[in-house]
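Below is one structure, written out as structure tokens, with a few remarks after it.
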Amino acid sequence: MSIVPHLPNVALLFYPFTIFVLMNERISLVRGDITKMQLDAIVNAANSSLMGGGGVDGAIHRIGGPAILEECKIIVMRQGSCRTGEAVITTAGNLPAKFVIHTVGPVWNGGKSNEALKLANCYKNSLLLAVENNVSTIAFPNISTGIYGYPKKDAAETAVEAVTLFLQSDLSIKKVHFVCFDEENYFIYQNIIGSYAIDP
Ligand code: AR6
């Protein structure tokens, strides 16, 4: 089995150069506020209650308005809380995006609680939900690196790896934006994504 499914055979001849080119077109790095992004979906770093909180979650609910919380309540009534690594989708209310995908990152516990796998699942499950909802442009915040205390460099490496892996087997997502609110995360991502990051 090919490690790069869905690529035409001719592209495989030039692997990994081809991957480099594809990623160049499909991943971008943004320094700023995710609530301002006019895309099909933005991702929220939520908690399992889905009832809002601080950080990016607080900003999304505050600016998006009560319609987001109303849908979250309906989801919780239907399926219970959202477990770490899983994702749900709601309206984006008054935000410029069409949808908010809420995912629950792991709380950092010194690396002893499978945090990397759980964090990778946040990215993978958010992208799966995006594909199911015909989302082709999506932005991620730096999940778990605020209140949940995940070391930023480790989190960025896991995020880029999980997204890159997903994009290699999916062609429907056209653009993934990594949105860094703080300078430290931005420089970390710049180093990891390197020369194929596109500044807006
Ligand atoms: N746009 C983009 N990124 C942002 C924004 C914004 N407007 N605001 C903050 N960030 P955090 P967590 C960045 O704490 O660590 C909440 O209370 C921030 O700089 O929002 O996953 C939830 O309800 C950081 O890099 O999320 C949970 O209880 C990143 O977003 C808990 O926090 C994530 O920081 C989740 O903690």
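Count residues from 1 along the sequence. In each ligand, atom 1 is the first atom listed, and ligand 1 is the first ligand listed.
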Per-atom contacts, ligand 1 versus [X] - under 4.0 Å to a heavy atom:
{"X": "T145", "value": "15 (O), 24 (C), 25 (O), 29 (C)"}
{"X": "G54", "value": "16 (C), 17 (O)"}
{"X": "N47", "value": "22 (C), 23 (O), 27 (C), 28 (O)"}
{"X": "A45", "value": "21 (O), 22 (C), 26 (O), 35 (C)"}
{"X": "D182", "value": "19 (O), 25 (O)"}
{"X": "G53", "value": "17 (O), 23 (O)"}
{"X": "N185", "value": "25 (O)"}
{"X": "G32", "value": "1 (N), 2 (C)"}

Could you check whether E115 pairs with K118 (Lys NZ or Arg NE/NH1/NH2 to Asp/Glu carboxylate O, under 4.0 Å)?
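Salt bridge absent between E115 and K118.
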
Carboxylate-amine/guanidinium contact R31 D182, below 4.0 Å
no

Side-chain donor or acceptor of [X] paired with backbone N/O of [Y] under 3.5 Å:
{"X": "K152", "Y": "G149", "value": "no"}
{"X": "D57", "Y": "G53", "value": "yes"}
{"X": "T158", "Y": "D154", "value": "yes"}
{"X": "N47", "Y": "V104", "value": "no"}
{"X": "D170", "Y": "S172", "value": "yes"}

Measuring from atom CD of Q79 to atom CD1 of I74, what distance do you get when rounded to the nearest 0.5 angstrom?
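With rounding to 0.5 Å, CD (Q79) is 12.5 Å from CD1 (I74).
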
Of all the non-hydrogen atoms in the protein, which one sits nearest to [atom], and at what distance?
{"atom": "atom 3 (N) of ligand 1", "value": "F181 CB, 3.3 Å"}
{"atom": "atom 29 (C) of ligand 1", "value": "N142 O, 3.3 Å"}
{"atom": "atom 7 (N) of ligand 1", "value": "D33 OD1, 2.8 Å"}
{"atom": "atom 21 (O) of ligand 1", "value": "S144 N, 2.8 Å"}
{"atom": "atom 32 (O) of ligand 1", "value": "I147 CD1, 3.3 Å"}

With atom 35 (C) of ligand 1 as the reference point, say which of Y148, W108, Y150 has the nearest heavy atom.
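Nearest heavy atom to atom 35 (C) of ligand 1 lies in Y148.
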
Decide whether the shortest distance between a heavy atom of G105 and an atom of ligand 1 is less than 4.0 Å.
no

Checking the N or O distance criterion of under 3.5 Å, is ligand 1 in contact with [X]?
{"X": "T35", "value": "no"}
{"X": "G146", "value": "yes"}
{"X": "I34", "value": "yes"}
{"X": "V56", "value": "yes"}
{"X": "G55", "value": "no"}

Within a radius of less than 6.0 Å around CD of Q38, do more than 12 heavy atoms belonging to other residues, nucleotides or ligands occur?
no

Heavy-atom distance under 4.5 Å between the side chains of V76 and S49, does that happen here?
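They are not in side-chain contact.
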
Quick one about T103 and N125 (side-chain donor to acceptor, distance below 3.5 Å, no hydrogens or angles considered), yes or no?
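N125 vs T103: no donor-acceptor pair found between side chains.
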
Y123 and F166: ring pair (Phe, Tyr, Trp, His ring centres under 6.0 Å), yes or no, with the steps?
CA-CA 9 Å; Y123 288 89; F166 190 91; over 10 Å; no

